[in-house]
Structure formats: structure tokens, C-alpha cells
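Because the structure is predicted, anything quoted here is derived from the model rather than measured.
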Number of protein chains: 2
Amino acid sequence: MDEKASVTIHDIARELKISASTVSRALNDNPRISQATKDKIKSLALKMGYQPNIIASNLRNQKTNTIGIVVPLINRHFFSSFISGVEDVAFASGYNVIISQSNDLLEKEKKIVQSLFSNRVDGLIASLSMQTNEFDHFQLFTNKNIPLVFFDRVVPELEAHKIVVDDFAVGFKATQHLIDQGYRRIAHLAGPTVLNTYHDRMEGYKEALRKNNLTVEDELIIFNRLTRMDGQEAIKQLLALPHPPDAVFCGNDTSALSMMVYMKKIGIRIPEDFGLIGFSNEPFSEVVTPSISTLQQPAFEMGLKAAELLIREIETKNKTQNYQTITMPTELVIRESSLRNAPRSA
Amino acid sequence: MDEKASVTIHDIARELKISASTVSRALNDNPRISQATKDKIKSLALKMGYQPNIIASNLRNQKTNTIGIVVPLINRHFFSSFISGVEDVAFASGYNVIISQSNDLLEKEKKIVQSLFSNRVDGLIASLSMQTNEFDHFQLFTNKNIPLVFFDRVVPELEAHKIVVDDFAVGFKATQHLIDQGYRRIAHLAGPTVLNTYHDRMEGYKEALRKNNLTVEDELIIFNRLTRMDGQEAIKQLLALPHPPDAVFCGNDTSALSMMVYMKKIGIRIPEDFGLIGFSNEPFSEVVTPSISTLQQPAFEMGLKAAELLIREIETKNKTQNYQTITMPTELVIRESSLRNAPRSA
DNA sequence: CTGAAAGCGCTAACAT
DNA sequence: ATGTTAGCGCTTTCAG
């Protein structure tokens, strides 16, 4: 039942009474090897069940053909779609992908980045954890000029490529929509504003209020981590206000959902009494009742772009030094939870 | 702006005028090195920004401290929870995890397994794609006695460890529940029955009917891939029958949801006119209206178990040769979509 | 077109 | 307690 060590190019070489370098070249389709010997070698390799040892190859080549991804949670539709986009491009270009999740924990993010570096990934694609407020761990990559692309949750001070959406415009658009629907006292549930995404969405929200001569009130802006629990706490807090809001723009769909569940329970009608809009178009937002209006980001396409950009960087190392920021379009998905009037002209 | 090659143990050794092996030993806390030199070496390593080259270490040690996971889709709550379970155990035991998704495609699954093998993972945890009807690609692992654990979607003919739930019992339980609720003509939407999960669920369904003196009718059992689209097609087909069913037990929540959406649209009331039960407790099933009854599998715990089993195998290589099958408990989650009567005594 | 030899960075006998 | 040496499996000059 036991087995001997793996078959290596040396085993093949010995069998064929040729040198290991010839075997290596043949298997890599080096043009300097005659078709005849290539055929001979390849068929023997097959017969002997040869499997290249990528580790050895990687060590020798100083290249792993692997790209690392760090996301907060693979469990979110936005992130898993993004990952699928990355994988498509990566596999088509001959790269493997190592996926890791930080669980929104800074310490875990650090360990992961460390580990991906030690494993010598050729490039890294990352979206920051909610806790991330320092960035030294990424210097491992920047110091050694290993390509690095951030997406979604990025910070301005990072000198790297970035794939984002225009969160300011999105925040504005969402808020304007609520205003158009006749809501007048609009609250906002924001995530940690160290992260540009949450910061910009909030600023867009404020700007929309101002443009419409509505006042921005601190008590209507709540900051937390946007979990289900956080959403419920936030809506309780808002409704307990002397002068409660009549709508909320939530930083994600999860918190919007939990607000909705709570309000249904206590008899607040959506959208008649209260307007609600989420963010990121999680699959559930379409199927709950009432369905939740939200903002759709092109997650898959962002993944494609991120991978393309990263791989181009990897393969033209040290050519460019100017960091690109690619802003992708978003779409306002209007559903029942915010639709009190007939839809306005687009 | 440019940088030189990485600092290696040789650089440290040269600086300190000692040998590379001493450096290596010190960094690995080998007891044969004096504390004084250890301190000296470690602090210099830190100062020089030394980062171990795991690739070289892996090559030398013939061990990567990495375990591979293949799942159909990381995007499903069941799988992502499972993965989190694996990660918890793996990280605690000093292993990295490489996650890959087959997208339910046999060809992609083969490539992934191949690639994980070439990357010399120390062990593999896998759940089969819906298309998987041959298993030769896993022989790479079995032939070389590399530990292998299957979970959820497994097949009997594979000689390997398995983490499963008792799908037969679960199918029975779900069907019995519908019968208890007074439904009498119960259909079943099944996935590919090459996979034990779907096969066993279906057999459990049949057995429950028989035990209750209900006849098993072929026209009430539909096979497909359980996508949203598949669910809709299936319910149309069932409702078009001369003698349509009054309830369905669906192989997953996704198809149950799409059935529900369709039936709501055409005015069939759930659960009054029609009973529905899904499988796997996706988060949305709780929040849709009516909420969907379903079966809950202990995904996270299954991940823990799988990782524990795999790592034990890795670390006691060739000790055991008898394959374990661990069956985990499931829970019937009764919600609105199947609850026509008052709940029976548990 | 093919071979010999060196080396990627690390570890582990086997020295001393 | 530390050094010497060899080698993990592969690729790639350099030679012919």
C-alpha cells in the first residue's frame, strides 16, 4: 500500500539515458529540443505519472505564479463575486489564486499578509478589514515592489493601485432618491470612516441634504460595524429620538435588513411610514418583503479589472510607477423599501 | 526606489560571522543554540527585515504546512461557514489554507486538484462538484497516501474519510414534517443522485411516504441542478400535472425560494395551499415572507471536524488505514412555509 | 540539439 | 554550542 518518493525529472532522465536538463526543457516545450525527444519524454512522463514539483520550480524561478487575495469575509456576495472575477482572469493567465479572509480583524489581516508574503505570492489584492487603521504590514510588498492592488475598502494614504466606486456620488444618489420620494428627515448608518468607502458615502449623503436645503444633524448619523445587531440597535436609537427620522440610508444591506425586520415587528410600514435603502445588493435584498432598495456595485467586473491590473504590473515589473485609481460605475436599484411615489424620470 | 534581493539567512550569518545553519537553528528555536546567540541573531534578523522564504523551507522539508480546500462555491453560506471552521483549526495548528472553488464544474475541479497536488499541499478537504462522476483525479492524493477528507457531497466508492450528515434521516424528517402538517401529495426536487447527499435525501423522502401509506410517484420527483431557474421550471412542471402536488421538499433553499416567488406571483398561498421546505438554511430563508422551513447542517462544526481529522492524519502519516465516516446531527428548522397546523410536540 | 554544473534558500545529518 | 556539507527538484547559463 505504500509508495515510493515522487518521480522527478531525474527519474525520467535516467530511464531514457539523457540528462535532466533535456527533460526539463522538453516538458517546458523549449524550442531547442527536437520534436522526437519531446514526444518520447512526454509520453514517458505520462506513463511514469510524473507530476512537476511546483515548489522547486518556484524556488528556482523566484516566481510562484500565484496571486493572493485578502478580503474581510468570503461570505459576502460582493466579495465572492469579486473573487470569481479575479479567478477568471488569473486562471486564464496561468496564475493560481490564494484566497484568505481577515474576518474584519486587523491582527488576522496582518498575519495573512505576512504569510502571503512569505509564500512569495507574485502580487496581492486586498480589501481592508473594518479595524484596519495602520498599514505597515503592506510595506512588505511595497518595499520590495511587489504589485499590490486595493479595492473597495481602501485608504487615501496608501500608494498603490485602487479599484473603487465613487462612494461620494453613490451616497449622494441614494440620499437624493429618498428625498425625491418625499422623505425629509433622513438618517445615515455609517461604517468606520477610516475607510474611504464609509467616509465618502457619508459625505455624499451630507451633500445631498445640503443641496436640498435639509440640515445635516449629528444625531441622525450613527457609526458602527453594520452587523445585524448593529442595525437593530441603531434603528431603536433613532426611533427613540425626540424627533425621529422618516428614512435611513444604510451602509450595507445587512443592517438595512435588520432595521426592516425590527420595524415590521413594531408595526412601522415600509415604505409608507419609513423609507429604507441599503448598500451592495446582497441577494436577499431582492427577495425579502418589502424588497430592499440598494446600490449595486459591479463586483465581478471589479475583480476582472483588479486582476488585469495586477497581472500587468507583475509582468512588466518596475515599468510604471504611477498608481492608478479606477472608479467603476454603480447602479441605484430601486425596490419597494424606498418607493413611495411613482418612479421619477431617470 | 528600487531594492536589492531579499535578505537570507546567509546575509545574517555573514554579518555576524557565524554559519547559516546556526542562524537557521536560532530562528527555529533549536535548543542546541545558546540563548545569547539566539537573541543576537533574532534581533539582527528583525533589524535587517529578514523574511523567511517559505518556499525554500517547504522544498527542503517536503512539507508545506498547507491544506487545500475545494468546494463547489465559496458563495454559499454552508460552504463559507465550513471553511471558517477549517481555518480556525488549521491556523491554530500552524497550517495555511488554500481555498478553491470548482464552480460545480468537473473540469475545473480536476484542474484545481491537480494544481493543489503540484503545490504539494499536505492534505486536501473536498466537496464534489455537481458534475463529478469520475474520481481518478483524487488518486493523485490516495496513491501517495496524502490525507484526504471529503465532506457533504461525497460518494460511497471513495476510500477516504468523510464528514457527512445523515441525509436519509434528514429527508425522512423533512417529509414526515410535511405529512404531519396535513400535506398529502408531496413532491421532491432532487439534485444529481450520483452524489450521496441527493440520493439519500430522496430515499429518505420515499421511505417517509411509504411509512405513511402514501405512494411514491415518479412524476412527483424531479431531478435538476437546483438553481433558481431550475426551481421555477420544476414548480411549473409540477403544477401543470393532472394531479398536482400540495407540497414540495426541495434539495436546497435556492430552489425552494424560486418556487415560492413563482407561486406568490400566481396567487398560490403558502403554507395554506401549498407546503414548502428547503435545505441548508441559507440566511435568506429566515427573512423572506413567508419564511422558509429548512434543514440546518452544522457547517462550521463540520469544518472543525474535517480539519481535525485531516491534520491528525497528516501528523500521524501511515498510522491508520481505516477510513472514518463521521455523521453530524441536523436540525429541522420549522418556519412559516410549512406550518399549516400548530406545531406538534417535538 | 543536448549535457554538465551551479544555485534558488533552507535544513539536517554528521562533524567537532 | 556551532560549523561543514550535501541536497530538496527544478531551471539555466555555458559548453559543445
Test: Asp11(B) and Arg14(B) ion pair at under 4.0 Å: yes
Contact summary for Ser102(B) and Lys108(B), nearest pair of heavy atoms: O-CB, 3.6 Å
Rounded to whole Å, CG of Asn53(B) lies from P of dC10(C) at a distance of 6 Å
Does a nitrogen or oxygen in the side chain of Ser57(B) sit under 4.0 Å from OP1 or OP2 of dT11(C)? yes
Below 30° counts as parallel, above 60° as perpendicular, anything between as tilted: where do the rings of Phe117(A) and Phe141(A) land? perpendicular
When rounded to whole Å, the CD1 to P distance for the pair Ile9(B) and dT11(C) reads 6 Å
Listed nucleotide nearest any side-chain atom of Leu59(B), set dT2(D), dT11(D), dC8(D): dC8(D)
Protein-nucleotide distance (Ile41(A), atom CD1; dT11(D), atom C1'), rounded to Å: 14 Å
Short side-chain N/O contact from Gln62(A) to OP1 or OP2 of dT11(D), under 4.0 Å: no
Does Ile55(B) or Ser21(B) map to a spot on DNA chain C nearer the 5' end, using the closest nucleotide for each? Ile55(B)
Could you check how far CG of Leu16(B) sits from P of dA1(D), rounded to whole Å? 18 Å
Students often get this wrong, so: under 4.0 angstrom with heavy atoms, is Ile54(A) touching a base, only sugar-phosphate, or nothing? nothing
Sub-6.0 Å ring centroid separation between Phe82(B) and Phe151(B): yes
Asp152(A) bridged to Arg76(A) by N-O distance under 4.0 Å: no
Write down the distance between CG (Asn58(A)) and C1' (dC8(C)), rounded to a whole number of angstrom. 11 Å
Between Ser34(A) and dT2(C), is there a contact of a side-chain N or O with OP1 or OP2 at under 4.0 Å? yes
Does OP1 or OP2 of dG9(D) have a side-chain N or O of Ser6(A) closer than 4.0 Å? no
By nearest-heavy-atom nucleotide on DNA chain D, the more 5' of Ala56(A) and Thr22(B) is Thr22(B)
For a quick test of reading the model: is some side-chain N or O of Thr37(A) closer than 4.0 Å to OP1 or OP2 of dT2(C)? yes
Please state whether the phosphate of dC10(C), meaning OP1 or OP2, lies under 4.0 angstrom from any side-chain nitrogen or oxygen of Ser24(B). no
Side-chain contact check for Ser19(A): nearest option of dT12(D), dG3(D), dA4(C) is dA4(C)
Take the protein atom CG of Asn28(A) and the nucleotide atom C1' of dT13(D), then report the distance between them rounded to whole Å. 16 Å
Tell me: CZ of Arg14(A) to P of dA4(C), nearest whole Å? 14 Å
So, does the side chain of Arg25(A) form a donor-acceptor pair with the base of dG3(C) at under 3.5 Å? yes
May I have the distance from Arg120(A) (atom CZ) to dC8(C) (atom P), rounded to whole angstrom? 14 Å
